[in-house]
Amino acid sequence: MKICLFSSKPYWVKWFGEVNNYYQIEFFTQSLNINTVKETKGAQAVCCFVNDDLNKDVIEKLSENGVKVILMRCAGFNKVDLEAANKCGISVLRVPTYSPNAVSEYALSLMLTLNRKTHKAYHRVKEGNFEINGLEGFNMSNRVFGIIGTGNIGYQLIRVLRLGFNAKVLAYDIFENKDCIDIGVEYVKTLDEIWAQSDIISLHTPLTPKTKYMVCEETLSKMKDGVMIINVSRGALVNTKDAINGLKTGKIGYLGMDVYEHEEDYFFQDHSDQIIKDDDLQLLVSFPNVIISSHQAWYTKEAISSICKTTVQNLFDYEKGEVKKSNLVNNPQ
Ligand code: NAD
């Protein structure tokens with residue numbers, strides 16, 4: 001079976017090389033979209049990443065070209081039109097958990113960096129400036145954390161905050177996780193309680209119509225002044241324009257984003273010799289209390305190795321008709 005792998009990078013070639021001796025993988029550096037879908041003729045599977053565009057038109061073309069399986073090498077599948085995939089009889093498989101620790105540890109690193117300003121200290125000392133004025137932080141253990149989404153990643157973050165920092169952690173999820181309760185998390189019934197009581201808010205839900213823009217003008221108005229917001233999940237959980245206004249008024253005191261609403265045009269690519277035309281992105285980058293990284297929270301050795309192994313296994317299972325329920329995200333007809 002031939003697989004077309006899109007949004008390829010040297011690290012994907014290397015890690016798939018280590019785990020796959022069986023399938024023929026053709027690597028494309030371009031993302032999958034309506035212009036590149038023609039490359040899939042003769043392939044039975046495509047392997048995609050977070051920003052590949054799997055809209056209805058692309059999926060119909062995939063089907064015309066004979067593609068039967070979409071292998072997402074990530075957990076989220078918000079870019080896939082599942083209804084179109086169902087109609088075309090295409091199975092959509094993903095890697096639901098590859099390393100929750102990778103992502104939760106990254107969220108924590110954003111919190112610590114924003115708080116203790118190590119990114120600024122690094123540059124100061126490099127330039128011979130040993131002044132600490134302006135680098136004041138706060139003790140994490142004294143603050144209230146609000147964690148939204150207590151699945152694999154949210155739980156791992158909560159473990160560190162509770163067992164490592166002994167911090168007060170409030171949580172909100174549509175399903176309560178007993179493991180979180182066992183380590184002293186207090187579930188609240190409404191998001192308003194999270195907004196009102198939390199000093200640091202970290203988002204760990206998937207992007208769905210219900211979670212889109214959960215941080216927006218209205219919800220920001222309910223938060224504490226100077227709140228820290230961390231988003232390592234999906235960009236559109238935060239309304240970018242409202243966040244910019246929140247930063248300008250001081251409502252948001254710190255913003256850590258590993259994901260961005262319009263990241264498709266920039267993330268995972270080197271634009272260092274070009275003019276960045278996304279004004280919101282440029283403005284955010286210019287703020288001293290904002291850290292943006294380009295969707296790298298997942299990127300550890302353990303995680304990428306696990307993603308590649310599970311992706312290959314997903315295709316084996318598909319061929320045997322033994323797909324894992326947790327890895328199949330649609331109902332192909
Ligand atoms: P998970 O499915 O284990 O947990 C998600 C949790 O969100 C679940 O407990 C679910 O009940 C909850 N949830 C769903 N809808 C909700 C709603 N409307 N309100 C409140 N809670 C809701 O997923 P996970 O493995 O913890 O991953 C979470 C997200 O992190 C993924 O969907 C993905 O978007 C993102 N992610 C980002 C990276 C990165 O590199 N930045 C890597 C992996 C995952």
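Worth saying up front: this structure is predicted, and the values here are computed from it rather than measured. In each ligand, atom 1 is the first atom listed, and ligand 1 is the first ligand listed.
Of the listed options V259, T208, I174, I174 places a heavy atom closest to atom 15 (N) of ligand 1. Ranked by closest heavy atom to atom 20 (C) of ligand 1, the top entry among Y299, Y172, Y155 is Y172. Of the candidates T97, I153, T205, L203, I153 brings a heavy atom nearest to atom 26 (O) of ligand 1. Considering only non-hydrogen atoms, atom 38 (C) of ligand 1 lies nearest to V232 out of L207, L191, V232, I307.
Among all non-hydrogen protein atoms, the one lying nearest atom 11 (O) of ligand 1 is D173 OD1, 2.6 Å. In this structure, atom 7 (O) of ligand 1 lies nearest to the protein heavy atom P206 CD, 3.5 Å. For atom 30 (O) of ligand 1, the closest non-hydrogen atom of the protein is S233 OG, 3.5 Å. Closest protein heavy atom to atom 4 (O) of ligand 1: G151 CA, 3.3 Å. Given atom 18 (N) of ligand 1, the protein heavy atom at minimum distance is T211 CG2, 3.4 Å. Ranking protein heavy atoms by distance to atom 42 (C) of ligand 1, first place goes to Y98 OH, 2.9 Å. Looking from atom 36 (N) of ligand 1 to the surrounding protein, the closest heavy atom is R234 NH1, 3.8 Å.
The shortest heavy-atom contact between S293 and D258 is OG-OD1, 2.6 Å. The minimum heavy-atom distance between N177 and G151, with the atom names listed, is ND2-O, 4.3 Å.
Distance screen at 4.0 Å: atom 23 (O) of ligand 1 has no protein heavy-atom neighbour inside the cut-off. Less than 4.0 angstrom separates atom 2 (O) of ligand 1 from none of the non-hydrogen atoms of the protein.
Within the 4.5 Å cutoff, side-chain heavy atoms of V329 are placed close to those of L82. H204 has its side chain within reach of L157: a pair of non-hydrogen atoms, C-beta onward, lies under 4.5 Å apart.
Shown in contact with V103 at under 4.0 Å from a heavy atom are these atoms of ligand 1, numbered in order with element: 42 (C), 43 (C). For ligand 1 and A297, the ligand atoms under 4.0 Å from any heavy atom of the residue are 39 (C), 40 (O), 41 (N). Atoms of ligand 1 lying under 4.0 Å from at least one heavy atom of H204, given by number and element, are 5 (C), 6 (C), 7 (O), 28 (C). Taking every heavy atom of F175 and a limit of under 4.0 angstrom, the matching atoms of ligand 1 come to 11 (O). Close approach of ligand 1 to H295 is summarised as follows: ligand atoms under 4.0 Å from at least one heavy atom of the residue are 39 (C), 40 (O), 41 (N).
With sequence neighbours left out, D242 forms a salt bridge (Lys or Arg N to Asp or Glu O under 4.0 Å) with no residue at all. F27 is linked by a ring-ring contact (aromatic ring centres under 6.0 Å, His included) to nothing, counting only residues two or more places apart in sequence or in another chain.
F49 and W298 have perpendicular rings, their planes meeting at more than 60° on a 0 to 90° scale where under 30° would count as parallel.
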Discussion item. Using ring-ring contact (aromatic ring centres under 6.0 Å, His included), reason through W12 and F6 one step at a time and then give a plain yes or no.
Written reply: CA-CA 10 Å; W12 290 118; F6 288 90; over 10 Å; no
Fill in: Candidate pair M111 and S202, rule side chain to side chain contact (heavy atoms under 4.5 Å, CB included), full reasoning
CA-CA 9 Å; M111 289 175 192; S202 199; 3.8 Å; yes
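Residue Y260 holds its OH atom at 8.5 Å from CG of D265, rounded to the nearest 0.5 Å.
Within the 4.0 Å heavy-atom criterion, both parts of N152, backbone and side chain, lie near ligand 1.
Comment: K56 engages E60 in a salt bridge, judged by a side-chain N to carboxylate O separation of less than 4.0 angstrom. Between R124 and E131 there is no salt bridge, since none of the side-chain N atoms of the basic residue sits less than 4.0 Å from a carboxylate O of the acidic one.
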